2 protein chains.
Amino acid sequence: MPHNNYKSTARASLFMQSLPDKHVEPLLSHALFRQYTCGETLFIQDEEASGIHLVLEGWAKLYRIAPNGSEVVVSLFTRGESFGEAIALRGGHYPVSAEAATDCTLLILPASVLVRMIHDDPNVAVSLLASTFGHLHSLVVELEHLKAQTGTQRVAEFLLGLRQCDDDGCRIVLPYNKVLIAGRLGMKPESLSRAFSRLKPYGVRIEHNCAFIADVARLQEYAKIDPAQAWSNSG
Amino acid sequence: MPHNNYKSTARASLFMQSLPDKHVEPLLSHALFRQYTCGETLFIQDEEASGIHLVLEGWAKLYRIAPNGSEVVVSLFTRGESFGEAIALRGGHYPVSAEAATDCTLLILPASVLVRMIHDDPNVAVSLLASTFGHLHSLVVELEHLKAQTGTQRVAEFLLGLRQCDDDGCRIVLPYNKVLIAGRLGMKPESLSRAFSRLKPYGVRIEHNCAFIADVARLQEYAKIDPAQAWSNSG
DNA sequence: CTGCTGTATTGATTCAAATCATGGCCCGGG
DNA sequence: CCCGGGCCATGATTTGAATCAATACAGCAG
């Protein structure tokens with residue numbers, strides 16, 4: 001991501017797509033362009049919220065440290081996605097910490113400009129609401145997966161969600177390392193490894209950081225069945 | 001909840017507290033007052049969103065039916081709490097279903113009035129964002145509990161969250177039946193039963209629909225420890 | 001090349017929770 | 001009164017995933 005053409009990427013992001021043209025330029029001219037190396041901290045929990053974070057390239061991880069010390073991955077965002085809309089606008093402290101899951105590039109849009117824009121055009125507020133609602137919805141889906149699926153089924157769902165093509169079979173580049181994938185899916189790396197093996201009979205092959213799905217429909221079927229049957233059905 | 005004085009309850013709700021007085025009256029005059037009996041459906045997933053739901057009395061349950069048929073409880077709301085802000089304003093379809101978890105009374109605020117109010121006073125948008133952010137935050141906390149705690153620890157957390165008084169020991173009325181508590185906590189009723197027994201050594205006593213906590217601090221401590229130790233430490 | 005560190009798999013074992021099954025208790029209807 | 005159904009607790013058993021432990025392997029510094 002060269003510094004001089006990031007604006008087109010920002011314009012194409014989910015968040016800015018819904019904004020009228022006249023708002024985008026002032027927003028971008030006040031935005032901070034930032035590059036992070038893998039593992040670097042973007043902000044920490046309880047810090048004062050500074051602005052909306054828009055990912056231009058790479059992956060950012062939102063996480064919390066539970067009272068018992070374990071790290072809980074809340075979400076992962078990539079190119080074109082944004083987070084922190086609601087808290088930036090409302091003001092207050094981040095409820096989560098964030099770090100770079102890979103080397104990444106972000107744009108930070110200061111809340112003050114957004115507030116001015118809302119007064120100028122209330123439809124901007126609806127854009128912000130829509131973004132926030134998207135996050136709400138994805139957490140609901142995540143909760144559903146955690147409560148209603150086995151780990152192996154969540155892995156299947158994860159692979160299916162990453163797939164770009166709509167082909168019957170396809171190749172998926174795993175976006176970050178397996179420790180992080182495991183965390184994202186609420187399991188330990190060892191369990192992820194075993195889950196991958198269990199998906200082999202369903203036409204999933206893992207090689208280094210690539211996954212190959214032989215039969216998408218079959219895998220989708222597997223992700224949907226009753227957890228109690230998810231194991232007996234191996235073959 | 002008598003029909004003739006519900007307005008003061010509504011005014012005191014989390015959502016309306018943050019609205020300036022001048023907006024509350026028009027909102028209430030357009031609101032629908034509704035009473036439901038336990039188990040009745042408020043709306044179903046994929047239905048067109050009609051308005052913000054504000055609970056005046058009782059409990060409302062938001063849930064999803066997973067592809068494998070099992071019901072996943074997403075949230076439960078009671079007196080003074082509201083849900084559906086973002087989707088009502090943005091327009092679109094409910095991502096969850098809702099039903100009355102107990103007999104309950106709701107106020108439904110039509111989105112159209114809200115939209116008008118936002119144009120009149122953009123600060124209303126910030127109120128809405130704040131409500132939505134609250135939901136986002138509670139889902140994050142829920143996710144953390146699911147990923148980082150054992151079932152028994154989640155039960156402890158649940159009891160602690162219900163406690164009204166700040167006394168060292170206290171009595172808690174369980175707000176709905178145990179099947180629903182189990183669902184809310186992502187476990188089966190049998191497991192909830194066993195979890196209650198396991199909390200006995202930590203000074204928790206269950207009688208019918210009441211829980212008694214002998215030593216709040218001790219239970220808080222238990223909810224925070226490492227899951228691996230959560231079992232060995234029984235004494 | 002050697003040794004090192006971080007990442008990944010694989011095996012043996014333990015353990016939390018689901019599942020399957022039973023029995024108690026309360027409540028309302030015939 | 002007894003009967004049946006909903007709700008809850010308890011026991012026996014199975015199972016999904018964590019844990020503990022060993023090993024493999026790629027990338028890199030010296």
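Please read these numbers as outputs of a predicted model, since none were measured by experiment. In what follows, every chain begins at residue 1, and chains take the letters A, B, ... in the order their sequences are listed.
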Please pick, from dT10(C), dA17(D), dA18(C), the nucleotide with the shortest atom-to-atom distance to any side-chain atom of Ser191(A). dA17(D)
Euclidean distance, atom CD of residue Glu190(A) to atom P of dA17(D) [Å, nearest integer]: 13 Å
Can you check the Lys178(A) NZ to dG6(C) C1' distance for me, whole Å? 14 Å
Whichever of Arg154(A) and Lys200(B) has its nearest DNA chain D nucleotide further upstream toward 5': Lys200(B)
Taking atom CD as the centre, does Glu221(A) end up with more than 12 heavy-atom neighbours from other residues, nucleotides or ligands that are less than 6.0 angstrom away? no
Which side-chain N or O atoms in residues 60-74 of chain A pair as donor and acceptor under 3.5 Å with protein atoms at least two apart or in another chain?
unit_1: Lys61(A); atom_1: NZ; unit_2: Glu71(A); atom_2: OE2; d: 3.0
unit_1: Lys61(A); atom_1: NZ; unit_2: Glu99(A); atom_2: OE2; d: 3.3
unit_1: Arg64(A); atom_1: NE; unit_2: Glu144(B); atom_2: OE1; d: 2.3
unit_1: Arg64(A); atom_1: NH1; unit_2: Pro95(A); atom_2: O; d: 2.7
unit_1: Arg64(A); atom_1: NH2; unit_2: Glu144(B); atom_2: OE1; d: 3.1
unit_1: Asn68(A); atom_1: OD1; unit_2: Ser70(A); atom_2: N; d: 3.0
unit_1: Asn68(A); atom_1: OD1; unit_2: Ser70(A); atom_2: OG; d: 2.8
unit_1: Asn68(A); atom_1: ND2; unit_2: Ala148(B); atom_2: O; d: 2.9

Whole-Å distance between dA17(C) P and Leu192(B) CG? 11 Å
Could you tell me which residues satisfy salt bridge (charged side-chain N to carboxylate O under 4.0 Å, His left out) with Arg34(B), sequence neighbours excluded, listed by chain and number? none
Between dT19(D) and Arg194(A), counting only base atoms on the nucleotide and side-chain atoms on the residue, is there a donor-acceptor pair under 3.5 Å? yes
Separation of atom CG in Asn209(A) from atom P in dA26(D), rounded to whole Å: 14 Å
d(CZ, Phe196(B); P, dC7(D)) in whole Å: 16 Å
Mind calculating the distance between CD (Gln153(A)) and C1' (dG16(D)) to the nearest angstrom? 11 Å
Any Lys188(B) side-chain nitrogen or oxygen under 4.0 Å from OP1 or OP2 of dC20(C): no
Taken to the nearest whole Å, CG/Leu146(A) to P/dA16(C) is 19 Å
Between Ser197(B) and Ser193(B) (side chain of the first, backbone of the second, donor and acceptor by atom type, cut-off under 3.5 Å), is there such a pair? yes
Does dA9(D) have OP1 or OP2 under 4.0 Å away from a side-chain N or O of Ser193(B)? yes
To the nearest Å, give me how far apart CD (Glu207(A)) and P (dC25(D)) are. 15 Å
